[in-house]
Structure formats: C-alpha cells, structure tokens
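Structure record follows, encoded as structure tokens.
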Amino acid sequence: MPGIISGISILEGDGGPGTIRQSNFTDGKKVKSTSFELKFEARKDGGSICKLNGEYETNEDGLPTEAETKEMMGSMVSMFKVIEGYLVANPAAYA
C-alpha cells in the first residue's frame, strides 16, 4: 500500500503472535504516530474475529474531525482487506 505506508520494520519477534512491527506512513497524512493492538480469536463455527484497539497522535493541535477519523479508520480497513486478499491468494505465506 505505497499510498499509505512507506515501510514496515519488525522491532521484536519473528512475525508470529506477539510480534511488534513499526509501520512508517507516507508524507501528507495528519497522523504523527499510531499504536494498534490486533487480537485474533477463533470462532466456534470456523474463521476468526479480529479485535482492534488503536491510539494515534495527530500532527496538528486538537482532535481530528469526525470525517478525518472515519477516513483514518477507512484506511485501516482498506489495509486489512489488502492483507486478507494477499493471504487468501497465498496461503503458504502464513502456513
């Protein structure tokens, strides 16, 4: 996702559960820093549930508007959909 992320580095771990990654965002975003915790839980009927807890610091004073917050969340959802699509198309990548 070159329009949103300029690079990703693994800070701790091997890519499995508990891994800590740093995502560097492209210029032009209003976000100075973010911190996200993802937790995946197995569903009884198959599949999984993803729980997301996120915090962010903006480059500007004050809180983002509702529209800006929706845009940031939309970007996160878009990123997850790209990752999901890649993993579905490349199951060996996570096996």
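FYI, side chains are in, hydrogens and waters are out, and symmetry mates aren't considered; it's all heavy atoms of this structure.
In this structure, Glu71 has no side-chain contact (heavy atoms from CB on, under 4.5 Å) partners at least two apart in sequence or on a different chain. Every residue meeting the side-chain contact (heavy atoms from CB on, under 4.5 Å) condition with Leu52, not counting sequence neighbours, appears here in chain and number order: Phe36, Leu38, Met73, Phe80. Taking Glu66 as the reference, Lys70 meet the salt bridge (charged side-chain N to carboxylate O under 4.0 Å, His left out) condition, with sequence neighbours excluded.
Residues Ile20 and Ile10 form no side-chain contact, since every pair of their non-hydrogen atoms from C-beta on lies 4.5 Å or further apart.
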Residue pair Glu37, Lys39: steps toward the salt bridge (Lys or Arg N to Asp or Glu O under 4.0 Å) verdict: CA-CA 7 Å; Glu37 179 181 9; Lys39 184 176 182 181; over 6 Å; no
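Ile83 is not connected to Ile49 by any chain of hydrophobic side-chain contacts under 4.5 Å among Ile, Leu, Val, Met, Phe, Trp and Tyr, and they are in different clusters. Clustering ILVMFWY residues whenever any of their side-chain heavy atoms sit less than 4.5 angstrom apart, transitively, puts Ile8 in a cluster other than the one holding Val77.
In this structure, CZ in Phe40 is found 4.0 Å from SG in Cys50, a value given to the nearest 0.5 Å.
For Ser9 (side chain) and Gln22 (main-chain N/O), no donor-acceptor pair under 3.5 Å exists by modelled atom type.
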